[in-house]
Amino acid sequence: MTAPEVRRHVDADILVGDVASALLDRLEAAQARGDVPHVGLTGGSIAEALHRELARRAPDSSVDWSRVVFWWGDERFVPAGSPDRNSGKARQDLLDHVEVDPANVHEVPASDEVATAEEAADAYSAALREHGGGSFEVLMLGIGPDGHVASLFPGHPALSARDTIAVAVHDSPKPPPDRVTLTFEAIERCRAVWFIASGEGKADAVSRALAEGGSVEETPARGVRNGEIVWWVDEAAASTLP
Ligand SMILES: O=C(O)[C@H](O)[C@@H](O)[C@H](O)[C@H](O)COP(=O)(O)O
């Protein structure tokens with residue numbers, strides 16, 4: 001297990017600016033290599049701020065947005081038009097402001113498109129297998145105060161899902177209750193996993209995630225441990241780190 005890198009920032013605005021700058025640089029570098037980078041987006045408030053900052057910086061970057069493939073680390077199993085959809089917010093904050101190729105934006109099926117979250121997870125897994133198997137250039141992840149990442153919540157069966165890319169989640173402690181999430185196996189296929197955490201409310205979860213000891217059951221963020229891992233945090237979220 002390579003030690004995760006922790007990048008501390010004085011506040012949320014500086015944090016979001018640095019993540020946006022680093023992500024744009026990484027996408028430009030991947031495209032300069034001739035790659036078509038896949039990016040896994042996440043939901044949550046700091047992710048929304050990041051998406052808006054990416055849209056603001058996009059005109060000054062050389063990223064060819066039509067040659068970026070977008071996925072989500074998790075999604076809520078609600079109707080496609082629901083304000084609770086991570087993909088809907090990402091479109092509002094970023095994807096509608098850059099020249100993406102619609103064929104390169106892969107949403108998790110919504111509850112008014114398929115009957116169950118299990119069907120949505122199976123369809124999403126099939127799409128990921130069909131388009132490169134999920135080795136994202138970067139997967140963005142938020143973290144909850146309970147240490148959840150994507151929709152992998154403490155004590156939930158999805159934590160132990162094997163031989164599958166995405167699974168359904170029910171009874172999520174964070175509403176809405178029904179979701180689809182990448183599994184740890186899928187997350188580990190990513191070339192880089194970037195956690196982004198801001199605020200005092202995340203300090204305990206961040207320190208538990210990075211501590212020497214502790215269980216994945218209690219702090220799911222601990223389940224992400226292979227490959228290039230960067231924790232992008234502001235000082236408030238890092239306030240209980242050694
Ligand atoms: O669908 C979701 O709810 C998110 O994917 C979830 O994993 C989120 O990233 C964290 O809960 C952090 O959210 P905040 O940044 O809003 O605290």
Side-chain angles (χ1 to χ4, degrees), residues 9 11-13 15-16 19-20 23 39-54 70-80 82-95 106-111 117 120-121 124 136 138-156 158-159 161 166-184 186-187 190 193-209 216 218-224 229-234 236-239:
H9 301 76
D11 64 25
D13 290 342
L15 166 65
V16 163
V19 179
L23 185 57
V39 175
L41 301 177
T42 188
S45 53
I46 194 68
E48 289 165 19
L50 171 63
H51 298 159
R52 291 191 292 272
E53 182 64 14
L54 285 166
F70 291 96
W71 304 86
W72 277 267
D74 72 326
E75 184 57 281
R76 291 83 175 282
F77 190 62
V78 292
S82 165
D84 279 339
R85 288 277 287 180
N86 289 333
S87 49
K89 287 179 191 167
R91 285 182 185 278
Q92 193 178 336
D93 292 333
L94 173 58
L95 303 182
H106 299 280
E107 296 189 15
V108 178
S111 64
Y124 195 57
F136 299 165
V138 183
L139 171 66
M140 307 302 299
L141 287 176
I143 184 170
D146 59 0
H148 79 258
V149 288
S151 286
L152 295 165
F153 293 96
H156 268 240
L159 297 182
V167 291
V169 169
H170 301 289
D171 308 321
S172 159
K174 177 179 181 182
D178 297 319
R179 293 157 169 258
V180 172
T181 187
L182 292 185
T183 60
F184 283 126
I187 291 172
C190 299
V193 175
W194 289 3
F195 289 95
I196 180 167
S198 169
E200 284 291 344
K202 304 300 174 72
D204 179 52
V206 169
S207 55
R208 292 199 330 264
V216 172
E218 286 169 12
T219 309
R222 298 180 62 80
V224 182
I229 299 171
V230 181
W231 283 82
W232 298 87
V233 295
D234 60 17
S239 56

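Order of appearance sets the numbers: ligands from 1, and atoms from 1 within every ligand. If you're wondering where the values come from, they're calculated on a predicted model, not measured in any experiment.
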Task: Sole candidate of Val230, Thr42, Val149, Val233 that passes side chain to side chain contact (heavy atoms under 4.5 Å, CB included) when paired with Phe195 - done: Val149
Task: Numbered atoms and elements of ligand 1 in range of Lys202, under 4.0 angstrom, heavy atoms - done: 12 (C), 14 (P), 15 (O), 17 (O)
Open item on the list: Below 30° counts as parallel, above 60° as perpendicular, anything between as tilted: where do the rings of His106 and Trp71 land?
Closed with: parallel
- [ ] Any atoms of ligand 1 less than 4.0 Å from a non-hydrogen atom of Thr42? List them with their elements.
- [x] 5 (O), 9 (O)
- [ ] Check whether any heavy atom of Arg179 sits under 4.0 Å from an atom of ligand 1.
- [x] yes
Task: Atoms of ligand 1 close to Gly44 [distance to a heavy atom under 4.0 angstrom, numbered from 1] - done: 13 (O), 14 (P), 15 (O), 16 (O)
- [ ] Give the atoms of ligand 1, by number and element, whose distance to some non-hydrogen atom of Ile46 is under 4.0 Å.
- [x] 15 (O)
Open item on the list: Looking only at protein heavy atoms, which one is nearest to atom 10 (C) of ligand 1, and what is the separation?
Closed with: His148 NE2, 3.4 Å
- [ ] Mark the output for Ala47 as yes if a heavy-atom distance to ligand 1 is under 4.0 Å, and as no if none is.
- [x] no
Open item on the list: Can you name the atoms of ligand 1, numbered from 1 with element, that are less than 4.0 Å from a heavy atom of Asp74?
Closed with: 1 (O), 2 (C), 4 (C), 5 (O)
Open item on the list: Using side-chain heavy atoms (C-beta onward) and a distance below 4.5 Å, is Ile46 in contact with Trp232?
Closed with: no
Task: Candidate list Leu152, Leu41, Asn86, test side chain to side chain contact (heavy atoms under 4.5 Å, CB included), partner Asp74, passing option - done: Asn86
- [ ] Just jot down the ligand 1 atoms closer than 4.0 angstrom to any heavy atom of Ser45, in number order.
- [x] 14 (P), 15 (O), 16 (O)
- [ ] Measure the spacing between OG of Ser172 and NE2 of His156 and express it to the nearest 0.5 Å.
- [x] 6.5 Å
TODO: Using a 4.5 Å cut-off on heavy atoms from C-beta on, say whether the side chain of His148 contacts that of Pro154.
DONE: yes
Task: ligand 1 atoms in contact with Ile143 (distance to a heavy atom under 4.0 Å) - done: 12 (C)
Task: Leu182 side chain near Phe136 side chain, heavy-atom distance below 4.5 Å - done: yes
Task: Closest approach of any protein heavy atom to atom 9 (O) of ligand 1, naming residue and atom - done: Gly43 O, 2.8 Å
Task: Heavy-atom closest pair, residues Leu15 and Ser198 - done: CD2-CB, 4.0 Å
TODO: Starting from atom 13 (O) of ligand 1, find the nearest protein heavy-atom neighbour and note its residue, name and distance.
DONE: Lys174 NZ, 3.3 Å
- [ ] Look at atom 7 (O) of ligand 1 and say which protein heavy atom is nearest, naming residue and atom and giving the distance to 0.1 Å.
- [x] Ala150 O, 2.7 Å
Open item on the list: Would you say that Arg91 contacts Glu107 through its side chain, given a criterion of any heavy-atom pair below 4.5 Å between the two side chains?
Closed with: yes
